[in-house]
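Atoms within a ligand are numbered from 1 in the order they appear, just like the ligands themselves. Only heavy atoms go into these numbers, but all of them, side chains included; no hydrogens, no water, no symmetry mates.
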Amino acid sequence: MTKALLEVKNLSKAFPVKKDIWGRTTLSLKAVNNISLEIQPGECLTIVGESGCGKSTMARLILKLIEADQGEVVFEGEDILKLKPTELRAKRQDMQMVFQNPFSSLDPRYKIADTIAEPLKIHRKMSDQEIKQRVLELVTLVELDETILSKYPHQCSGGQNQRVSIARALALNPKFIIADEAVSALDVSIQWKVLELFKKLQKDLGISFLFIAHNLGVVKYIADRVAVMYLGEIVELASKEDLFSKPLHPYTKALLNAAPIADPKQRDRERILLHGEIPKPTDIPSGCPFHTRCPIAEAKCSEIKPELEFHQEGHQASCLLL
Ligand SMILES: Nc1ncnc2c1ncn2[C@@H]1O[C@H](COP(=O)(O)OP(=O)(O)O)[C@@H](O)[C@H]1O
Ligand SMILES: [Mg+2]
């Protein structure tokens, strides 16, 4: 096996939600709890799970946009959580993020050309002519017409703006991109075109992706491997083929049942539909966090916490009943 590009080890984050008059935390919300995963060079690992299960928090922790409470994020052999600010700035050039809503991530005052050129101006010593050339290369790479360069975000469609965000993310030749629901806000027909673009970038440029999605059709199209999250934890991790054809965890099975995926181009579902209330992350159930909604739970499931373990080659799940 090749050496992993990214290794996340035991990553955790709790947000304080209530403090007493002395400023001590009296209630905290476990958003990400003891997560470990690896991403190989050129691989697309997809994260799927219901809204609020900690996907975006995990993404922000990995890029050190927020501070982890615990854990390591080893990128090319170095724990980026331990880097000094200047070292981190250098490393960040290799690790980029594309967000859900291009309108809020693009500066409305900048022309598209300046938006794409910004990272080059900050991080590269290039002449104006070289920057112009590179910006042109980037818009071509994301399959936009160069006439877009003189426009502002409000003059472009959602799909065009998302391509601009991707072009900017590509400006410094990153090795790794986190796409956080990067196609979820787009019209369905455009979603698939942007997904094709992501796939092309993975294939042609060898970029690794952590691709966050809630639509299983999207997962099925883009993923090499899939991690299923529930209440801040990974409950199952497998190749896409194994996950869809022989899911092990009752939660994964429920997800697959809740969202028929026969036609991946069907209307996107805003939320995964699953019976029963998702528990509050301030009050995570004892034992297996899924036991309160699990159709096959036994008495021990409320007492013993299952570990994420290998049950088949390359296929991990955390369930006491496997
Ligand atoms: N800055 C914050 N302060 C307090 N709670 C937060 C903060 N960011 C996220 N959360 C909470 O953490 C949980 C996970 O959120 P998030 O990572 O955004 O989930 P997802 O991306 O899977 O929808 C949610 O309950 C959310 O309300
Ligand atoms: Mg999110």
Side-chain angles (χ1 to χ4, degrees), residues 8 10-20 23-37 44-71 73 81 95-105 158 162 165 169 177-186 191 194-195 198 209-216 218-219 222-223 226-237 249 251-252 254-255 258-259 268-274 276-285 289-290 292-293 308 318:
V8 172
N10 309 107
L11 195 60
S12 296
K13 176 74 180 179
F15 293 108
V17 285
K18 263 193 204 153
K19 294 194 171 179
D20 62 15
R24 292 179 303 212
T25 301
T26 53
L27 185 69
S28 64
L29 180 157
K30 282 187 175 174
V32 167
N33 196 4
N34 204 26
I35 277 189
S36 299
L37 54 83
C44 178
L45 177 70
T46 302
I47 310 290
V48 66
E50 287 165 287
S51 177
C53 72
K55 304 181 294 295
S56 295
T57 303
M58 180 173 74
R60 292 191 200 110
L61 290 171
I62 290 175
L63 295 184
K64 212 185 170 187
L65 300 174
I66 51 174
E67 289 285 330
D69 296 336
Q70 180 203 305
V73 175
L81 304 188
M95 311 171 82
Q96 296 289 324
M97 187 144 167
V98 179
F99 295 91
Q100 175 167 359
N101 190 343
F103 289 106
S104 53
S105 56
Q162 196 58 306
S165 305
I177 293 181
I178 299 186
D180 187 359
E181 305 268 11
V183 298
S184 307
L186 305 175
Q191 277 196 7
V194 176
L195 276 178
F198 276 118
F209 282 92
L210 183 77
F211 203 100
I212 297 172
H214 64 258
N215 176 326
L216 290 167
V218 169
V219 176
I222 199 87
V226 184
V228 180
M229 271 182 84
Y230 187 74
L231 285 175
E233 297 182 16
I234 292 178
V235 297
E236 184 156 4
L237 209 167
H249 198 285
Y251 178 61
T252 311
L255 280 187
D268 185 23
R269 284 162 191 257
E270 257 317 294
R271 274 163 207 278
I272 294 163
L273 300 166
L274 201 73
E277 285 266 324
I278 186 163
K280 289 193 174 61
T282 44
D283 196 11
I284 293 179
F290 186 57
T292 55
R293 294 166 92 193
L308 185 65
S318 62

*Step by step, would you call Glu50 with Arg293 a salt bridge (charged side-chain N to carboxylate O under 4.0 Å, His left out)?*
CA-CA 13 Å; Glu50 287 165 287; Arg293 294 166 92 193; 3.0 Å; yes

*Might you work through the side chain to side chain donor-acceptor pair (under 3.5 Å) test for Glu236 and Thr252, ending with a clear yes or no?*
CA-CA 7 Å; Glu236 184 156 4; Thr252 311; 2.7 Å; yes

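In this structure, the separation between SG on Cys53 and CD1 on Ile278 is 7.0 Å, given to the nearest 0.5 Å.
The backbone N or O of Gly49 lies less than 3.5 Å from no partner atom in the side chain of His214, so there is not a single donor-acceptor pair. Judged by distance alone, the side chain of Ser28 and the main-chain N or O of Phe15 form no donor-acceptor pair under 3.5 Å.
In this view, Phe198 and Phe209, Phe211 satisfy the ring-ring contact (aromatic ring centres under 6.0 Å, His included) rule, not counting sequence neighbours. Remark: Ser165 engages Gln162 in a side-chain hydrogen bond (donor to acceptor under 3.5 Å, both in side chains) (not counting sequence neighbours).
Asp180 and Ser56 share a side-chain donor-acceptor pair at under 3.5 Å.
Across Leu255, Ile234, Thr46, a single residue satisfies side-chain contact (heavy atoms from CB on, under 4.5 Å) together with Val228, and that is Leu255.
The Mg ion (ligand 2) has Ser56 OG as protein N, O or S atoms under 2.8 Å away.
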For ligand 1, list every N/O pair with the protein closer than 3.5 Å, one pair per line with the distance.
from, atom 1, to, atom 2, distance (Å)
ligand 1, 17 (O), Ser56, N, 3.4
ligand 1, 17 (O), Thr57, N, 2.8
ligand 1, 17 (O), Thr57, OG1, 2.6
ligand 1, 19 (O), Gly54, N, 3.2
ligand 1, 21 (O), Ser56, N, 2.9
ligand 1, 21 (O), Ser56, OG, 2.9
ligand 1, 22 (O), Cys53, N, 3.2
ligand 1, 22 (O), Gly54, N, 3.1
ligand 1, 22 (O), Lys55, N, 2.9
ligand 1, 22 (O), Lys55, NZ, 2.9
ligand 1, 23 (O), Gly52, N, 2.7

